[in-house]
Amino acid sequence: MTQKHLLKLADLTSEEITEILDLADQLKYERKNGIEHKHLAGKTLGMIFQKSSTRTRVSFETGIYQLGGVGLFLSANDLQLGRGEPIKDTARVLSRYLDGIMIRTYKQSDVEDLAAYGSIPIINGLTDYAHPCQVLADLMTIREYKKTFHNLKLTFVGDGNNMANSLIAGCIKMGMEVAIACPKNYRPDAALMAWAKENGKFTCTEDIAAAIKDADVVYTDVWASMGQEGEAAERRKAFEGYQVNDGYMALTHKDCMVLHCLPAHRGEEITDAVMEAHAGEIFEEAENRLHAQKAVMVLLMK
Ligand code: CP
Ligand code: NVA
């Protein structure tokens, strides 16, 4: 792996993604079989959170512990960052104490600045633009269930948000077809869609039935992301009907998987029936956050 950081999936080659997934599979096997793997003994990961988290926080903290290191939970409200200390100063200070930083924040540029000014690996634990750790776990889960990425179609139904952006980057790089169904004012990043059209099979439409037809993997996420709570009512109107339900699932391929990054809003972007029918892969996906992120930490911090 030649990358120093994990800022967004667009920065990685398909070979580098495969390297992460292969190591993640190995770490998962070792974990299940009680084989210790303290590749990061004595190392410290700082975990900066400007937004809430269940999966990211717990999987990074237990992940670094299982690798022999220690994780420091750093709530942005408690750091001087929350009182206006610039990212570029925070980066240079924390680089002198820590061996790596995972950050969850709003602006992608803050994550890029942390990497530019710091001297240790930076891992993006979600921004408004991207969620690369989640999509590495998603790709790991897809490969686990389907054994290949070849000839697979992933359909994302809902907001063209951080999840949609990272799924486009990750799935197109691995050779999958990607179809997005979203309202026209809520499309994914325009530059990323243009890149996807040039580099793979990609469509974006308001027609959910057309997008979901013959899908092998259906993916959805909340209508209002963290930081958009004030737009919730407006978004509920705009996204009405953009729901993964039994009617749309009937149009997919046999053995179609359903994935959700979680947390899910049942009755909005997905029905309880679809969630529960696909709980097997959805919670395997959540577990795979742990293994995929441990692989990322080993490859960047060892
Ligand atoms: N999917 C995900 O990142 O979950 P958390 O917000 O709980 O970390
Ligand atoms: N799009 C969601 C993903 C949460 C994991 C958000 O940003 O809130």
Side-chain angles (χ1 to χ4, degrees), residues 6-9 24 45-64 71 73-76 101-108 110-111 123-142 154 156-170 180-183 186-189 192 217-232 234-236 238-239 242-244 258-266 268-270 275 278-279 281-294 296-297:
L6 176 62
L7 308 180
K8 57 185 191 303
L9 287 183
L45 177 79
M47 308 184 298
I48 303 177
F49 282 93
Q50 287 192 302
K51 293 175 176 172
S52 307
S53 170
T54 296
R55 279 142 289 267
T56 306
R57 178 189 173 173
V58 178
S59 57
F60 266 105
E61 193 161 337
T62 53
I64 184 77
F73 174 72
L74 304 168
S75 160
I101 294 177
M102 189 288 307
I103 177 166
R104 165 167 288 197
T105 188
Y106 295 88
K107 295 199 314 230
Q108 179 71 17
D110 281 352
V111 178
I123 300 169
N124 180 349
L126 180 147
T127 60
D128 293 344
Y129 173 73
H131 197 0
C133 292
Q134 178 66 54
V135 171
L136 289 171
D138 300 339
L139 290 170
M140 181 181 173
T141 313
I142 292 168
L154 178 137
F156 177 92
V157 179
D159 187 18
N161 59 14
N162 42 13
M163 281 314 315
N165 288 338
S166 289
L167 284 165
I168 293 171
I180 307 277
C182 68
Y186 295 91
R187 290 199 181 121
D189 182 73
L192 206 50
V217 185
V218 169
Y219 205 113
T220 189
D221 184 18
V222 291
W223 293 342
S225 285
M226 290 182 277
Q228 297 170 337
E229 290 78 7
E231 298 171 24
E234 181 190 325
R235 282 172 168 270
R236 220 170 284 129
F239 285 98
Y242 284 85
Q243 183 187 65
V244 175
V258 175
L259 296 177
H260 194 307
C261 55
L262 304 175
H265 288 185
R266 288 168 167 82
E268 292 192 1
E269 78 276 4
I270 191 165
M275 268 295 289
H278 293 272
E281 62 258 31
I282 291 172
F283 292 103
E284 198 68 36
E285 173 192 17
E287 173 182 330
N288 285 341
R289 292 291 303 279
L290 172 70
H291 311 298
Q293 288 157 196
K294 282 168 74 179
V296 169
M297 287 191 280

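Numbering of ligands and ligand atoms starts at 1, following listing order.
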**Study point:** Gln108 side chain to Thr127 side chain, donor-acceptor N/O pair below 3.5 angstrom
**Key:** yes

Practice item. Grab the two heavy atoms, one from His260 and one from Glu285, that are nearest each other, plus how far apart they are. Key: O-OE1, 2.8 Å

Check your understanding: With a cut-off of 4.0 Å, which atoms of ligand 1 are near a heavy atom of His131?
Key -> 2 (C), 3 (O)

Do [X] and [Y] have side-chain heavy atoms sitting under 4.5 Å apart?
X	Y	result
Asp159	Arg235	yes
Leu259	Ile142	yes
Glu268	Phe239	no
Ser52	Arg104	no
Leu154	Asp138	no

Which residue supplies the protein heavy atom nearest to [atom], what is that atom called, and how far is it?
atom	answer
atom 2 (C) of ligand 1	Arg289 NH1, 3.2 Å
atom 7 (O) of ligand 2	Asn162 ND2, 2.8 Å
atom 3 (C) of ligand 2	Asp221 OD2, 3.6 Å
atom 7 (O) of ligand 1	Thr54 N, 2.7 Å
atom 6 (O) of ligand 1	Arg104 NH1, 2.8 Å
atom 4 (C) of ligand 2	Leu126 CD1, 3.9 Å
atom 8 (O) of ligand 2	Met226 N, 2.8 Å
atom 4 (O) of ligand 1	Arg55 NE, 2.8 Å

Review point. What part of Asp128, side chain, backbone, both or neither, has a heavy atom within less than 4.0 angstrom of ligand 2?
Key: neither

**Study point:** Nearest neighbour of atom 1 (N) of ligand 1 from the list Ala286, Pro263, Ala137, Cys261, on a heavy-atom basis
**Key:** Cys261

Study note, to complete from the structure: Only one of Arg289, Gln293, Glu287 passes side chain to side chain contact (heavy atoms under 4.5 Å, CB included) with His291, and that residue is Glu287

Point to revise | Sub-3.5 Å N/O-N/O distance, Leu262 and ligand 1 | key: yes

Review point. Does Tyr242 offer a backbone N or O that forms a donor-acceptor pair with the side chain of Trp223 under 3.5 Å?
Key: yes

Review point. Touching ligand 2 at all, Leu262? Heavy atoms, strictly under 4.0 Å?
Key: yes

Check your understanding: Taking both backbone and side-chain atoms of Arg104, is any N or O found less than 3.5 Å from an N or O belonging to ligand 2?
Key -> no

